Structures are given as C-alpha cells and as structure tokens.
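For reference, positions follow the sequence shown, starting with 1. Quick caveat, the model's predicted, so the values are computed rather than measured.
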Amino acid sequence: MGAKIIACGGYIPENSVDNNILSKYMDTSDEWIRERTGIQKRHFAAPDEATSDLAYRAALNLFEENNIDPSTIDYIIFATMTPDCYFPGFAPFFQRKLKMKNVPCLEIRGQCAGFLFGMQIANCLLSSGNCKRVLLIGAEVHTCLFPYEPLKPILERSFEEISKEYYELNSKFRDRMVLFGDGAGCFVLEKDGDGKGIMDSLIYTDGEMAEKLIIKSGGSNKRPFFDPEDYNNGSILPVLEGREVFKLAVTLMPKVVLEILQRNGLTTKDIDLLIMHQANLRINEVVQKRLELEDSKVYNNIQKYGNTTAATIPLVFWEAKREGRIKEGDLLCFVALGSGLHWGAILYKA
C-alpha cells in the first residue's frame, strides 16, 4: 500500500450566501440555480481573507482535532487556482502563518483535479522516503474573481438598489458566478505501515481541451497580464463551455473509475464510497447512474458549498468521515475532472 491519510480537516467561511441573496444582485433565482447545478448556497470569504487564511484555519482545525504537532510535518503540498498573489503564490504565506519555517512548500495547479495530483505527489514523496509526513492542502477564494458591486453588501445583507450597470454585469456572467464558493480542506499523510492507504492512482491530461475551461487574462499570452477592460468584459472569470464540459465529465469520470478498478481486479460492487469533485450535482448524478452505484455509496456536499475547486475532495472526505460514512477497511475511490483538461481517479483503502 501507499501513503495513508492519518488526519483530515476543513474550514468553511462564516458568510453563507443562499440563492435568494444572489437573485438580488443579478438576474437569477433559486429555482434557476438548483435546476442547473443542485446548489442551494455557498460560503464567501470576508474581503480581508486570502486563500492562505482559509487554509491556515483548516490546518489548525486538523491539528487541534487530531492532536497532531505541526513540527512533525516535513513537507507541504498546496493545490489552488486562486493564490494570494501571482508570485510567490500561496504556499509561503501559509507556511509563515503556521510558523513552519524551512519546511519545503510545493504549490501545484490542476484546478478541480489539483487535489488528486497532490495525493499522487504525496504518495510518491512518502514512498521514496524523502519525507515522513506530508500536509496536503486544497483551498480557494473564488470571490476575488467576481465582479459583484461590491462584495460587502452581499456579506452584510444590505439590499439597497445597486446600479443597473453592475446588475447587468453580474447577470451577464451568472452561469459561472452562481457555481463557486470559498473553502479549504486538508489531509496529513504518512507512509503506510498496516495495509491501508493509496492503492493506485490514474491521472490524465489532454491539452487539446484546454480552452474548454480557461481564464484568459493574467498570463504571459496577453500583454499586459491585466487591464481595466478585463474586469468589464469578464476575462477575469473562467470561460466555461458548459454543455461540452458536462459531456466530458459524465464520460471521462466513469471511464477512469472503471479503468482503475479493472487494472486492480475490482468492480464497482467493491466500492464502499465514491468521493467525486463537486462541480455540479447534475454531473455527479449522471456519473453515479452510469457506475450503477446506490445512494449509500456516494457522498455530495455541493448543495451547501458550491464548487470550491481544489478544496472539494478533502471537504467531502472530511464531512463523510465525521458522519461515519467512512469505516476502517472501506474501499474508497476519489475521482475528479477539471480545467486542463485534467482528470483521474485514486483507489484508497481506509
């Protein structure tokens, strides 16, 4: 067996924003959002909370709830698409807040599949003997991308009339703006010694699909990285070819689950719990149906948190474990698909 998860934790910001609140700032409704995504609410970070702040709170929760000494961590891996700044990113600020000086920090991309990449990398590091204990974080503050006017009225529930200009701007991008929430989740992993842990990982990338999910501004393919028009024309927001991504997700996710099971001599009947990335409840429902899994073998929480990108996998695991849905000896399958196009699955013995 490979690396095992010895502890997990999470943090969700206090500011809960349901669909009815969003409907006051753009042309949408609770019915419209639920029908298309299954999302009922999401949580927004405060204006002064960065991604490293959410991750810091998640890590503290993990250490306190599991009585783990932070000084025993000798490697940190962080997955995010919303770093505190373009460079040096996120990880150094997070490390500084935890007072874990000189512990190496690796920051990775991979967007919605980023946490799976992190699990695979942690497994390789631990199996090679290069470290003994890895802290793996997935965290996002998506609200830094939103053109809400401004975020503060939403958080304070001040429903004074906003300008027509900004109502129309928010409405223009509602298909993406209703999807995302903020949050953080984390694992501590160490090398297996008792027959538990990561059994196998299978991850793919197809660059031919890169434009299906993309943020066009903020990179070297554009001069300058950002300009004032990026805000108004929405190029700071993800471009999402929704129907195409839906088709890819409901095809590639079940396919990779079946592939990793087959190469380990297993079938879907052997799975005790499927832990999917939480991008859209409708996607997960189709994946579940195609894999012929009963409800007791699937756990979703997108209804409460929206899509938290790199944080969804650890948050699902954390909540499922707290609710007793993960028992010793269970076979878990993690699966995700996201921008890149990246997708994959990991088999894990609890």
Expected output: side-chain Asp84 to main-chain Gly89 donor-acceptor under 3.5 Å: no

Quick one: sort the Tyr348 and Phe334 rings into parallel, tilted or perpendicular, breaks at 30° and 60°. perpendicular

Any chance you could lay out the side chain to side chain contact (heavy atoms under 4.5 Å, CB included) test for Ser29 and Asn19, step after step, and finish with the verdict? CA-CA 6 Å; Ser29 67; Asn19 296 338; over 6 Å; no

Measure the spacing between CD of Glu294 and OG1 of Thr268 and express it to the nearest 0.5 Å. 10.5 Å

side-chain hydrogen bond (donor to acceptor under 3.5 Å, both in side chains) with Lys304: of His43, Gln278, Glu319, only one passes, and it is Glu319

Parallel, tilted or perpendicular: which fits the ring planes of Phe146 and Phe180, with parallel below 30° and perpendicular above 60°? tilted

Same cluster for Val286 and Val298 if Ile/Leu/Val/Met/Phe/Trp/Tyr side chains link at under 4.5 Å? yes

Testing Thr312, Asn284, Asp295 one by one against Asn300 for a side-chain hydrogen bond (donor to acceptor under 3.5 Å, both in side chains), which residue passes? Asn284

Leu261, Met199: one ILVMFWY side-chain cluster at the under-4.5 Å cut-off? yes

dist Lys97:NZ -> Phe93:CZ (nearest 0.5 Å) comes out at 8.0 Å

Do the charged groups of Arg57 and Asp53 touch, with an N to O distance under 4.0 Å? no

Examine Tyr204 together with His342 and report whether their ring centres are nearer than 6.0 Å. no

Establish, from distance only, whether the side-chain atoms of Glu140 and Thr80 form a donor-acceptor pair under 3.5 Å. yes

Quick one, Ile283 with Met253, criterion side chain to side chain contact (heavy atoms under 4.5 Å, CB included). Give me CA distance, side-chain angles, the key distance, then yes/no. CA-CA 10 Å; Ile283 289 175; Met253 289 209 297; 3.8 Å; yes

If you measure from the Lys or Arg side-chain nitrogens to the Asp or Glu carboxylate oxygens, is any gap between Lys269 and Glu292 under 4.0 Å? no

Could you state the interatomic distance from OG1 (Thr28) to CZ (Arg174), rounded to the nearest 0.5 Å? 5.5 Å

Measure the shortest side-chain to side-chain distance between Asp30 and Ser23 over non-hydrogen atoms and say whether it is less than 4.5 angstrom. no

Salt-bridge criterion met for Arg263 and Asp200 (N-O under 4.0 Å): yes

Would you say the side chain of Ile260 lies within less than 4.5 Å of the side chain of Leu266, judging by non-hydrogen atoms? no

Once rounded to the nearest 0.5 Å, what's the spacing between atom CG of Leu116 and atom CG of Leu337? 10.0 Å

dist Thr308:OG1 -> Asn301:CG (nearest 0.5 Å) comes out at 7.5 Å

Using ring centroids (six-membered ring only for Trp), state whether Phe317 and Tyr299 fall under 6.0 Å. no

Return the minimal non-hydrogen interatomic distance between Leu189 and Ala122, and the atom names on each side. CD1-CB, 4.3 Å

Ile68-Phe187 co-clustered via ILVMFWY side chain contacts under 4.5 Å: no

With clusters defined by side-chain heavy atoms of hydrophobic residues (ILVMFWY) lying less than 4.5 Å apart, directly or transitively, does Tyr305 cluster with Leu145? no

How far apart are the closest heavy atoms of Val287 and Ala249, and which atoms are they? CG2-O, 4.1 Å

Should Val141 and Glu49 be marked as a side chain to side chain contact (heavy atoms under 4.5 Å, CB included) after you check the CA-CA gap, both sets of side-chain angles, and the distance that decides it? CA-CA 8 Å; Val141 175; Glu49 282 186 308; 5.7 Å; no

Cluster link Tyr75 to Ile5, ILVMFWY, side chain under 4.5 Å: yes

Looking at side-chain heavy atoms only, is the closest gap between Val257 and Pro254 below 4.5 Å? no

Backbone N/O of Lys41 and side chain of Gln303: donor-acceptor pair under 3.5 Å: no

Taking C-beta and beyond as the side chain, do Arg42 and Asn307 meet within less than 4.5 Å on heavy atoms? no

What's the shortest heavy-atom distance between Cys186 and Pro314, and which atoms? N-CB, 3.7 Å

Between Val178 and Trp32, is the side chain to side chain contact (heavy atoms under 4.5 Å, CB included) condition met? List the steps. CA-CA 10 Å; Val178 302; Trp32 190 90; 4.2 Å; yes

Quick check: does any side chain N or O of Thr37 sit under 3.5 Å from a backbone N or O of Arg34, one acting as donor and the other as acceptor? no

Within the supplied structure, the quantity of interest is the number of heavy atoms (other residues, nucleotides, ligands) at a distance under 6.0 Å from Glu328 CD; does it exceed 12? no

Nearest heavy-atom pair of Arg325 and Leu273: which atoms, and what distance? NH2-CD1, 3.8 Å

Partners passing side chain to side chain contact (heavy atoms under 4.5 Å, CB included) against Arg282 (at least two apart in sequence or in another chain): Phe246, Asn280, Glu285

State, yes or no, whether a side-chain contact exists between Leu179 and Ile33 at a heavy-atom distance under 4.5 Å. no

If you compare all heavy atoms of Lys321 against all heavy atoms of Cys8, which two are closest, and at what distance to 0.1 Å? CD-SG, 3.9 Å

Look at the side chain of Asp330 and the backbone N and O of Leu332, then say whether any donor-acceptor pair between them is shorter than 3.5 Å. no

Pairing residues for Asp194 by the side chain to side chain contact (heavy atoms under 4.5 Å, CB included) criterion, not counting sequence neighbours: Lys4, Asp192, Lys196

Determine whether a donor-acceptor pair (N or O, by modelled atom type, separation under 3.5 Å) exists between the side chain of Asp18 and the backbone of Asn20. yes

Under the ring-ring contact (aromatic ring centres under 6.0 Å, His included) rule, what do Tyr167 and Tyr25 come out as? Steps first, then yes or no, please. CA-CA 6 Å; Tyr167 185 89; Tyr25 295 88; 8.6 Å; no

Is a side-chain N or O of Asn61 found less than 3.5 angstrom from the main chain of Gly10, in a donor-acceptor match? yes

Is the backbone of Val250 close enough, under 3.5 Å, to the side chain of Arg290 for a donor and an acceptor to pair up by distance? yes

For the pair Thr51 (side chain) and Thr82 (backbone), establish whether a donor and an acceptor sit closer than 3.5 Å, ignoring hydrogens and angles. yes

Mind checking whether Met119 and Leu136 have side chains closer than 4.5 Å, heavy atoms only? yes

Output all residues satisfying side chain to side chain contact (heavy atoms under 4.5 Å, CB included) with Ser201, sequence neighbours left out; order by chain, then residue number. Gln120, Ile346

Side-chain donor or acceptor of Asn66 paired with backbone N/O of Phe63 under 3.5 Å: no

Between Val103 and Asp74, is there a side-chain heavy-atom distance shorter than 4.5 Å? no

Any side-chain heavy-atom pair of Ile77 and Val134 under 4.5 Å: yes

Taking Asp69's backbone N and O only, do any of them form a donor-acceptor pair with Thr72's side chain (distance below 3.5 Å, no angle check)? yes

For the residue pair Phe94 and Phe78, does the interplanar ring angle fall in the parallel (under 30°), tilted (30 to 60°) or perpendicular (over 60°) class? tilted

The reported gap from CG in Leu126 to CD in Glu190 (rounded to nearest 0.5 angstrom) is 8.0 Å

Can you see which heavy atom on Cys105 is nearest to which on Gln95, and at what distance? SG-CB, 3.5 Å

